[in-house]
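For reference, the structure discussed in these notes is given below.
Scope of the values below: all heavy atoms of this structure, side chains included, with no hydrogens, waters or symmetry mates. Just so we're clear, the structure is a prediction, and the values are computed from it rather than from any experiment.
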There are 2 protein chains.
Amino acid sequence: MARANLTSAAVIAAAADLADRDGFDTITLSALARGLGVQTASLYSHVRDRSALVEGVHRLALGELADRIALAIGGRAGHDALTALAGAHRDYAREFPGRWTALQRPATEATVRSEAAGRVAGLTLAVLRGYPLPESELVHAVRLLAATVNGFLALQANGSIAHREPDPDLSWRRALDALDVAFRSWPAPAAGSSPAERKS
Amino acid sequence: MARANLTSAAVIAAAADLADRDGFDTITLSALARGLGVQTASLYSHVRDRSALVEGVHRLALGELADRIALAIGGRAGHDALTALAGAHRDYAREFPGRWTALQRPATEATVRSEAAGRVAGLTLAVLRGYPLPESELVHAVRLLAATVNGFLALQANGSIAHREPDPDLSWRRALDALDVAFRSWPAPAAGSSPAERKS
DNA sequence: TGCCGTACCTAATAGCTTTAGGTTTTCGCC
DNA sequence: GGCGAAAACCTAAAGCTATTAGGTACGGCA
């Protein structure tokens, strides 16, 4: 039997495919080896251990997501860009549920500081530059946007929202519209005073 | 040796404690049995299998969270109530990281429809009734709020935000202020027309 | 053609889950 | 007080997974 001639990347890609097909926590070195026609122990030549494998999938997904976001928001601005960015996230989560789940897992320091992670952050930042936000507030807006988009998708994946009335898609659009409003009339002080004073 | 006289609830509580102490995925029937001074197989009298156990922890956490939310928002309204509700979520995630992680896992249909889940949803709804939202928009607002709060906490747990400049706490306050603004000037049509028209 | 790295293998240990079936404690009841 | 049954606990065993150690053979390069 010809050898499989695996590489680290190939193994990780196979793991990602497996996760998308059968669910994230079926990522197991045994199942993977079975699918690749190789003995389990052989995978250790390409991957340090299981945790390194899922980190690899995480990193892979981050890169793919960045590509899709870049493609989606190209040439758009404002509300359009916001919708496109969010849509890229959502489409990715739909198409690649396993990979997307990997993104939700705790990331190592290396992954957080990876080029792919930086690209996602940078693209999100770019979208928000289309809104009248002071430079010092941009980071907060990025975090809010990331939190809401990921949180919504997580709620769906979780089952809290899926298949319930009213249509989640409608809620999705409303959420993006609400964020759009929020970014347009950002509540923070332009100068550095405390925002605690607010008529309830 | 005296018998432990376990119950289903006691086992689940022990699992929750274990998760908080050593991390969610150290929830293992073996470790649990070890801690309870009992043979692994004995746990199967109280818990159907591992998945039922984590579902139990999920359900438990949901109930505890509901209690804390109820306590926190009592007597408050508007921005105050919003902050209190979000704060209850955050404090819970901080104090009980293992239990909180359980909340992020896919829930069974039974858990989604459980009394505890309903209570959390109901309390969130109550907070949002303090805002000038049409009845038909309340659900969307609830989902947005839930998504943002959970998403933010997930980002922190994930490492994407934690220990970075600027202070995540500041972003947290900004996010809540932004939501407050969004709920105050909700962008959806009062009547049933499409919200697609929006000057970008 | 021979040699070396490395891709792959076999073998073995150890931990976790789950099922089957046996023992003992506890508790209601006469 | 003792009897009987339910339930709490146990031992034993099978099957899966991760991981390490050390051996074999294939491919490219001199």
Open item on the list: Go nucleotide by nucleotide along DNA chain D from the 5' end; which of A:A41 and A:R34 gets its closest nucleotide reached first?
Closed with: A:R34

Task: Atom-to-atom span, OH of B:Y44 to P of C:dG22 - whole angstrom - done: 20 Å

TODO: Go through the steps for B:D91 and B:R68 under the test salt bridge (charged side-chain N to carboxylate O under 4.0 Å, His left out), then give the verdict.
DONE: CA-CA 9 Å; B:D91 293 348; B:R68 282 155 167 264; over 6 Å; no

Task: Given C:dT17, D:dC10, D:dT17, the nucleotide with the shortest approach to the side chain of B:V38 - done: D:dC10

TODO: Considering just the side-chain nitrogens and oxygens of B:T28, establish if one lies under 4.0 Å of OP1 or OP2 belonging to C:dT17.
DONE: yes

Open item on the list: Heavy atoms from C-beta onward define the side chain here; which of C:dT18, D:dA18, D:dA8 lies closest to that of A:R50?
Closed with: D:dA18

Open item on the list: Using 30° and 60° as the class boundaries, would you call the ring planes of B:F183 and B:W186 parallel, tilted or perpendicular?
Closed with: parallel

Task: Separation of atom CG in B:L6 from atom C1' in D:dA7, rounded to whole Å - done: 12 Å

Task: Under-4.0 Å side-chain N/O to phosphate OP1/OP2 contact, B:T40 with C:dC16 - done: no

Task: Whole angstrom value for the distance that separates P of C:dT17 from CG of B:L32 - done: 9 Å

- [ ] Look at B:S45 and D:dA7 and indicate whether a side-chain polar atom (N or O) is within less than 4.0 Å of OP1 or OP2.
- [x] no

Task: Whole-Å gap separating P (C:dT19) and CG (B:D49) - done: 7 Å

Open item on the list: If you only use heavy atoms from C-beta on, which nucleotide in D:dC10, D:dT19, C:dT17 is closest to the side chain of A:L29?
Closed with: D:dT19

- [ ] Would you kindly say whether A:R59 and A:T111 are connected by a side-chain donor-acceptor distance under 3.5 Å?
- [x] yes

- [ ] Compare the minimum distances between each of C:dC8, D:dT11, D:dT20 and the side chain of B:Q39, then state the nucleotide with the smallest one.
- [x] D:dT11

Task: Protein-nucleotide distance (B:L18, atom CG; C:dC16, atom P), rounded to Å - done: 11 Å

Task: B:R113 bridged to B:E109 by N-O distance under 4.0 Å - done: yes

Open item on the list: Under 4.0 Å from OP1 or OP2 of D:dC9: is there any side-chain N or O of B:H46 that close?
Closed with: yes

Open item on the list: Of the listed nucleotides (D:dC10, C:dT18, D:dA18), which one gets closest to any side-chain atom of B:S42?
Closed with: D:dC10

Open item on the list: Same cluster or not: A:V142 versus A:L176, using hydrophobic residues (I, L, V, M, F, W, Y) connected whenever any side-chain heavy atoms lie under 4.5 Å apart?
Closed with: yes

- [ ] Figure out the CG/C1' separation between B:L43 and D:dT11, and round it to whole Å.
- [x] 15 Å

Open item on the list: How many whole angstroms separate atom CG of B:D25 from atom P of D:dA18?
Closed with: 14 Å

Open item on the list: Nearest whole Å is fine: how far is D:dA7 C1' from B:N5 CG?
Closed with: 10 Å

